[in-house]
Amino acid sequence: MEQREFIVEAEAAGQRIDRFLSGEDTGLSRSALQGLVAEGHVLCNGRSIAKSLKLKAGDTILLEIPDAKPIEAVPQDIPLEIVYEDEHLLVVNKPKGMVVHPAPGNPDGTLVNALLWHCKGSLSGIGGEIRPGIVHRIDKDTSGLVLAAQNGYAAPLLAGRVEKLYYAVVEGELPLGQGVIDAPIGRQGGSIIGRCVTPDGKPSRTEYTILKAENGLSLAACVPVTGRTHQIRVHFASIGHPLAGDDLYGGSRARIGRQALHCAKQTFWVPRCERMPDGIRIEVPVDETTLRLVTVESPLPEDMTKLFV
């Protein structure tokens with residue numbers, strides 16, 4: 001169980017406990033915080049409190065965050081479009097609507113469940129578990145390429161060494177050609193999901209090329225130089241051009257029922273040598289004698305293509 005301590009400053013005096021905590025960097029929503037108060041996981045000056053308590057300057061607040069309940073993924077026979085596979089890794093062309101990892105509300109039917117079935121007998125230890133190592137996850141309604149390691153040897157080789165290209169359809173007709181959005185991204189208020197451009201955020205950079213602009217929309221080929229949560233979605237929303245269908249960040253679902261974002265290309269290094277035994281970790285230089293370069297691509301899906309017909 002994680003514990004965090006906060007001191008109530010004078011300007012926060014008189015606030016309810018849930019409002020006070022939602023203004024702190026807890027990573028929890030206000031409703032989740034209210035639940036923890038009700039369950040006795042929030043103490044004020046060492047005592048359990050009611051959610052209606054008004055705080056005083058100098059109060060010491062202790063927040064207990066219980067460990068998440070583990071969700072055990074089970075293999076499920078779910079059809080997958082495999083675009084690349086070898087003994088170390090594979091790349092799946094994920095459809096829109098498929099969740100990547102099991103989580104509360106989505107305990108099964110996920111990409112991980114499908115990979116456990118597809119890779120049964122070939123997976124070895126990653127982080128002490130027999131599971132596929134998803135290198136970069138994408139959102140449920142984002143389509144396209146997802147890279148997964150099949151063993152603990154490949155996983156660290158792939159980390160930080162994958163170049164990605166996304167296609168995004170954004171609202172408004174932008175000038176054709178290249179552009180850059182360089183703006184820090186952080187949490188959006190007390191939300192555990194939403195992000196926004198904020199001076200207190202982490203440095204974030206998206207390079208893009210506008211390939212087409214018609215029907216009130218623009219097709220952008222995007223390279224996320226950094227890898228922040230919802231980076232492409234937040235960056236385009238911040239310049240007044242949210243992704244079509246992205247109602248979380250101000251886009252309209254009038255013409256497409258999900259955010260118009262697709263991971264279209266990945267380039268990465270593949271080990272040339274045989275699979276290493278479990279538990280062995282070695283540093284491998286990135287060169288043509290030990291690794292080979294692989295590029296995989298996925299075409300623009302039909303629902304995004306139709307936006308320009």
For the backbone of T142 and the side chain of D139, can you confirm whether one donor and one acceptor N or O come within less than 3.5 Å of each other?
no
Just verifying a value: how many Å separate L243 CG and Q259 CD, rounded to the nearest 0.5 Å?
7.5 Å
Scanning both residues in full, the closest heavy-atom pair of K96 with D141 reads CB-O, 4.2 Å
Using the rule given for side chain to side chain donor-acceptor pair (under 3.5 Å), can you reason through S252 versus E171, listing the C-alpha separation, both sets of side-chain angles and the distance that settles it, and then say yes or no?
CA-CA 8 Å; S252 170; E171 295 184 355; 4.7 Å; no
May I ask you to decide whether K212 forms a salt bridge with E214, counting only side-chain N to carboxylate O separations under 4.0 Å?
no
When rounded to the nearest 0.5 angstrom, what distance separates CG in N113 from NE2 in H101?
10.5 Å
Non-hydrogen side-chain atoms of T198 and I185 separated by less than 4.5 Å:
no
In this structure, would L147 and L165 fall into the same cluster of hydrophobic residues linked by side-chain contacts under 4.5 Å?
no
Any side-chain donor paired with an acceptor under 3.5 Å for D59 and N45?
yes
Between S204 and K202 (side chain of the first, backbone of the second, donor and acceptor by atom type, cut-off under 3.5 Å), is there such a pair?
yes
Working to the nearest 0.5 Å, report the span between OG1 of T209 and CG of L211.
6.5 Å
If hydrophobic clusters are built by linking Ile, Leu, Val, Met, Phe, Trp and Tyr wherever their side-chain heavy atoms come under 4.5 Å apart, do L80 and V99 end up in the same one?
no
Could you check whether any side-chain heavy atom of P95 comes within less than 4.5 Å of a side-chain heavy atom of S143, counting everything from C-beta outward?
no
Looking at I193, is its backbone amide N or carbonyl O close enough to the side chain of R195 to form a donor-acceptor pair, meaning the two atoms are under 3.5 Å apart?
yes
Can you tell if the side chain of V223 reaches within under 4.5 Å of the side chain of K164, non-hydrogen atoms only?
no
Any side-chain heavy atom of E85 sitting closer than 4.5 Å to one from H118?
yes
Could you check whether F236 and Y208 have their ring centres less than 6.0 Å apart?
yes
Would you say the side chains of S298 and H262 form a donor-acceptor pair under 3.5 Å?
yes
Are L53 and V37 connected into the same hydrophobic cluster when the rule is that any two of I, L, V, M, F, W, Y join if their side-chain heavy atoms are below 4.5 Å apart?
yes
What's the spacing between C263 SG and E297 CD if we round to 0.5 Å?
11.0 Å
Connected via hydrophobic side-chain network under 4.5 Å: L145 and V270
yes
What one should report as the nearest heavy-atom pair of A10 and A57 is CA-CB, 3.9 Å
Go through it in stages, so that I can follow the logic: the residues are V296 and K265, the test is side-chain contact (heavy atoms from CB on, under 4.5 Å), and I'd like the CA-CA distance, side-chain angles, deciding distance and then a yes or no.
CA-CA 6 Å; V296 292; K265 183 177 180 180; over 6 Å; no
Answer whether the closest heavy-atom distance between the side chains of I239 and I181 falls below 4.5 Å.
yes
Looking only at non-hydrogen atoms, find the nearest pair between V92 and L111 and report the distance.
CG1-CD1, 4.0 Å
Would you call R258 and D246 a salt bridge, taking side-chain N to carboxylate O under 4.0 Å as the test?
no
Side chains of T295 and Q266: donor-acceptor distance under 3.5 Å anywhere?
no
Heavy-atom side-chain contact between K56 and V8 under 4.5 Å:
no
Nearest non-hydrogen partners of Y249 and H230, listed with the distance
OH-ND1, 2.7 Å
Any I17 side-chain heavy atom under 4.5 Å of I49 side chain
yes
Drop me the distance from L21's CG to Q15's CD, to the nearest 0.5 angstrom.
9.5 Å
Less than 4.5 Å apart, any side-chain heavy atom of L36 and any of E64?
no
Hey, quick one: are I78 and I138 part of the same hydrophobic cluster, counting side-chain heavy atoms closer than 4.5 Å, chains of contacts allowed?
yes
Would you name the heavy atoms of V170 and H241 that are closest together and state the gap between them?
CB-O, 3.5 Å
Separation between CG of L248 and CZ of R233, rounded to the nearest 0.5 Å
5.5 Å
For T60 and E5, run side chain to side chain donor-acceptor pair (under 3.5 Å): C-alpha distance rounded to whole Å, both residues' side-chain angles, the deciding distance at 0.1 Å, then the answer.
CA-CA 7 Å; T60 299; E5 187 175 277; 5.5 Å; no
Shortest non-hydrogen contact between N215 and E173, atoms and distance
N-OE2, 3.4 Å
Residue pair T226 / Q231, side-chain donor-acceptor N/O under 3.5 Å
yes
